[in-house]
Amino acid sequence: MRTRSPYEGAFDTRASEWIGDLAAWNRANAGDNSERLERLRRNLRQARERELTPRQRQLLELYYDQGMNIPQIAGELGVNRSTVSRTLRRARERLYRCLRYAL
């Protein structure tokens, strides 16, 4: 039978209090990043239009904008699921390369 250390509960309580205090401090000191988010959204729209192939744009729209999953997209377009997955991955990678300095 394991005996409980007299310090175990105290450290758990202190740790949870510290995490709570840190979260409160972060909320109080976090700046308004709405301008940065708006710039990122604008750049994302532009990158989707300029940098992606028509097929990549189509699959991103179906997956993210219309909420379809990979098997549904594959069935609708008559392609293999791995093709859909690979095309989505390549589109995300291309967008990341275009936007990584704006993040």
Side-chain angles (χ1 to χ4, degrees):
M1 183 170 165
R2 182 177 171 265
T3 60
R4 188 170 182 202
S5 166
Y7 300 108
E8 249 178 67
F11 287 126
D12 292 342
T13 303
R14 269 193 223 133
S16 64
E17 287 175 3
W18 183 81
I19 290 170
D21 290 344
L22 182 61
W25 183 86
N26 277 336
R27 280 192 303 274
N29 292 303
D32 181 22
N33 62 352
S34 58
E35 279 184 34
R36 188 174 176 199
L37 286 174
E38 185 55 40
R39 186 176 65 240
L40 181 61
R41 287 186 189 107
R42 184 179 59 248
N43 291 343
L44 178 60
R45 282 191 299 274
Q46 290 173 353
R48 278 177 77 166
E49 294 169 9
R50 296 177 185 169
E51 301 296 329
L52 298 180
T53 66
R55 183 61 146 202
Q56 289 173 336
R57 279 194 301 273
Q58 178 188 27
L59 292 180
L60 281 178
E61 181 182 338
L62 293 172
Y63 189 75
Y64 289 107
D65 300 340
Q66 295 183 19
M68 295 175 70
N69 60 31
I70 291 174
Q72 290 171 332
I73 295 169
E76 183 172 305
L77 299 178
V79 297
N80 197 321
R81 288 182 300 191
S82 65
T83 302
V84 173
S85 178
R86 186 174 47 250
T87 305
L88 286 170
R89 179 180 47 82
R90 288 177 179 165
R92 284 190 295 262
E93 288 171 354
R94 185 176 279 191
L95 288 173
Y96 175 74
R97 283 193 305 269
C98 294
L99 299 172
R100 69 178 160 206
Y101 297 112
L103 295 178

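Every heavy atom of this structure was used, including side-chain atoms; hydrogens, water molecules and symmetry mates were not.
Note that CZ of Arg50 and CG of Asn43 are 9.0 Å apart. Values are rounded to the nearest 0.5 Å. Taking CE of Met68 as the reference point, atom CG of Leu77 lies at 7.0 Å (rounded to 0.5 Å). Rounding to the nearest 0.5 Å places CD1 of Ile73 at 10.5 Å from CD of Glu61. Here the CZ atom belonging to Arg42 is positioned 11.5 Å from the CG atom belonging to Leu37, to the nearest 0.5 angstrom.
Summarising the geometry of Gln66 relative to Leu62, their closest heavy-atom pair is OE1-CD2, 3.4 Å, with the distance given to 0.1 Å. Here the closest heavy-atom approach between residue Ile70 and residue Tyr63 is recorded as CG1-CE1, 4.0 Å.
Here the side chain of Arg81 pairs no donor or acceptor atom with the backbone of Ala74 at under 3.5 angstrom. The backbone N or O of Gln72 lies less than 3.5 Å from a partner atom in the side chain of Asn69, making a donor-acceptor pair.
We find that Arg89 and Glu93 are joined by a salt bridge, their nearest charged nitrogen and carboxylate oxygen being less than 4.0 Å apart. Using a 4.0 Å cut-off between charged side-chain N and carboxylate O, Glu38 and Arg45 make a salt bridge.
At least one side-chain heavy atom of Leu60 sits less than 4.5 Å from a side-chain heavy atom of Leu95.
With sequence neighbours left out, Thr53 forms a side chain to side chain contact (heavy atoms under 4.5 Å, CB included) with Arg55, Gln56, Arg94.
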